[in-house]
Amino acid sequence: MAPLPTEQQFQRWLEQHRGILFNVARTYCRDEDDRQDLLQEMLVQLWQALPRYDPARAAASTWVYRVALNTAISFHRRHVGRRAARVPLPPELPQPPDAEALEREQQLRQLEQFIDELRELDKALMLLYLENKSHADIADILGISVSNVATKVSRIKEQLRQRFARQTA
Amino acid sequence: MEQDEFQNLWRQAQPEAGPTPALPPLGPSSAPSLSRILRPLKRTKWIGVGIGLVWVGLVDLLLYYCWPIATPFFLVSIGGQVLISKLMIGIYLYQLALVRRVDVGQSIVAVQRRLARVRLTSLWVLRIGFLQLPLWATFFWSERLFRESSQLQRLALLGPALLLALLAGWLFVNIRYSNRHRRWFRALFGGSEWAPLMQAMQLLEQLEEDYRPEPPAQPQRP
């Protein structure tokens, strides 16, 4: 049995995958306090689940996505009623200096609104698609077939395309 | 907007990933998965087990001391009631064992399906719990009560017991996942205390409609 990692080793390992955690937290929580809570929860879950991680069965990033998304979905379900009314605009975005940037920001808000309206599992699929994961990777993380992933991704993309087309019109 | 531009937009809009938050105090790394998120679920179950154990302990004591003097109606009613309570405690303990077995590193569909099913076993607790209903209308019966009562009084004794038995049977048969869209079901479980159960049903519905796991491939014949 492999020796358990120390907290310092865990921190170093985490640095390689923190982008995944931030993106998952961003997808499931618009509220900054919730996002920090979720990030902490993900760290705890990663730490607790690490002894059961088998590199022969899943790549590290696949496993981190699974832990992060499972945590986020369960967290989101618990908090959804409490915070439903609060969906502030992302504070980190600067004021748009010109028309192009303004349009970009509008598109981003549309995209975020679209993600907010998706159901929990569709949100996970959408995030993995936006992160440019292959269908095989998405299938592995979610636990469904590649053909099912392809069907669902194309359906969600079509909905998104229609949403943007309506707004433009 | 071209479809691939969605990915570009997402990438461009990504804020700089901040510093990794400081690790909270970490317990032993073999602690059960989702332990903090599922704490309310587990707390409810443990409270149920605790109260249930105290209740069945008291009722068992009552049965032990009343055995020589109590009427058969009392013994059967209370005995049945305590038996059902023990069954409910058993289901709560089974749920807690299931929660401990969740491995958060498994695929999303597998983990979320298991969690939804754990929550849905609460329906079994309810169904069995409702079977106690008629026993509350029979424990005070005695042979003397029936011997010395008029037809009307007997009807007043038997009527509620019969009605409660019918209601318990109906609820036992009908409180199930497939009836989740019925109006009476929504009225019964419309309170905020049932929100986790209803959310689990919505998630299970989503899993069954859109996220069915692929069946294992059949070995090809030569």
Side-chain angles (χ1 to χ4, degrees), chain A residues 4 7 10-11 14-15 18-19 21-23 26 36 39-41 43-45 47-53 58 63 66-67 69-71 73-75 77-78 80-81 90 92-93 104 107-108 111 119-122 124 129-132 140-145 148 152 157 160-161 164-165 168, chain B residues 1-41 102-113 115-116 192 195-196 199-200 202-203 206-207 210-215:
Chain A
L4 293 177
E7 280 191 37
F10 177 62
Q11 283 276 24
L14 208 57
E15 281 302 307
R18 67 193 185 116
L21 305 186
F22 277 92
N23 282 334
R26 175 189 170 200
Q36 288 303 319
L39 278 167
Q40 291 245 323
E41 191 59 49
L43 294 178
V44 174
Q45 295 310 322
W47 168 254
Q48 290 177 345
L50 202 53
R52 288 191 293 272
Y53 169 55
W63 184 78
R66 284 177 175 178
V67 175
L69 284 168
N70 272 320
T71 308
I73 291 170
S74 301
F75 181 92
R77 207 174 312 138
R78 193 176 138 197
V80 72
E92 61 269 29
L93 284 179
R104 214 71 181 145
Q107 287 174 339
L108 175 65
L111 180 63
R119 297 182 301 176
E120 291 144 333
L121 296 171
D122 291 340
Y129 151 69
L130 289 172
E131 290 289 306
N132 207 13
D140 201 20
I141 293 166
L142 292 181
I144 56 177
S145 67
N148 197 356
K152 291 203 65 57
K157 276 162 70 175
L160 190 54
R161 195 187 59 74
F164 274 77
T168 311
Chain B
M1 193 172 195
E2 288 302 312
Q3 287 184 351
D4 281 346
E5 279 190 46
F6 299 134
Q7 290 171 334
N8 291 334
L9 180 64
W10 176 256
R11 234 187 327 271
Q12 283 173 23
Q14 270 181 4
E16 191 67 24
T20 310
L23 284 174
L26 295 170
S29 59
S30 56
S33 288
L34 297 176
S35 47
R36 290 206 309 180
I37 290 179
L38 296 179
R39 197 176 287 158
L41 173 73
V102 173
D103 177 4
V104 77
Q106 288 181 335
S107 74
I108 313 301
V109 166
V111 171
Q112 296 304 322
R113 187 183 299 276
L115 288 177
S192 57
Q199 284 168 2
Q202 286 165 6
L203 184 74
Q206 203 183 136
L207 285 164
D210 293 336
Y211 290 88
R212 285 179 182 277
E214 187 162 319

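Since we're looking at a predicted model, the values are computed, not measured. Computed from heavy atoms alone, side chains included, the values below leave out hydrogens, waters and symmetry copies. Below, chains carry the letters A, B, ... as their sequence lines are ordered, and counting in each starts from 1.
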Checking side-chain contact (heavy atoms from CB on, under 4.5 Å) for the pair A:W63/B:V104: CA distance, chi angles, key distance, verdict? CA-CA 9 Å; A:W63 184 78; B:V104 77; 5.9 Å; no
Using 0.5 Å steps for rounding, measure from the [atom1] atom of [X] to the [atom2] atom of [Y].
X	Y	atom1	atom2	result
B:D210	A:R119	CG	CZ	5.0 Å
B:S107	A:L142	OG	CG	8.0 Å
A:E131	B:Q7	CD	CD	9.5 Å
B:Q106	A:N70	CD	CG	8.5 Å

Just checking, any donor-acceptor pair under 3.5 angstrom between side chains of A:Y53 and B:D103? no
Pairwise side-chain contact, [X] with [Y], heavy-atom cut-off 4.5 Å (strictly under):
X	Y	value
B:R11	A:L130	no
B:W10	A:R26	yes
A:E120	B:L203	yes

If you tally heavy-atom pairs under 4.5 Å between each of A:L160, A:L111, A:L121, A:D140 and chain B, the highest tally belongs to A:L121
Under 4.5 Å heavy-atom distance to chain B, tell me which part of A:N148 shows up: side chain, backbone, both or neither.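 Just the side chain, heavy atoms under 4.5 Å.
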Ring pair (Phe, Tyr, Trp, His ring centres under 6.0 Å) evaluation trace for B:F6 with A:F164: CA-CA 10 Å; B:F6 299 134; A:F164 274 77; 5.2 Å; yes
Can you tell me which portion of B:Q202 sits under 4.5 Å from chain A's heavy atoms? Options are side chain, backbone, both or neither. neither
Looking only at heavy atoms, what is the nearest atom pair of A:R66 and B:G105, with distance? CD-O, 3.1 Å
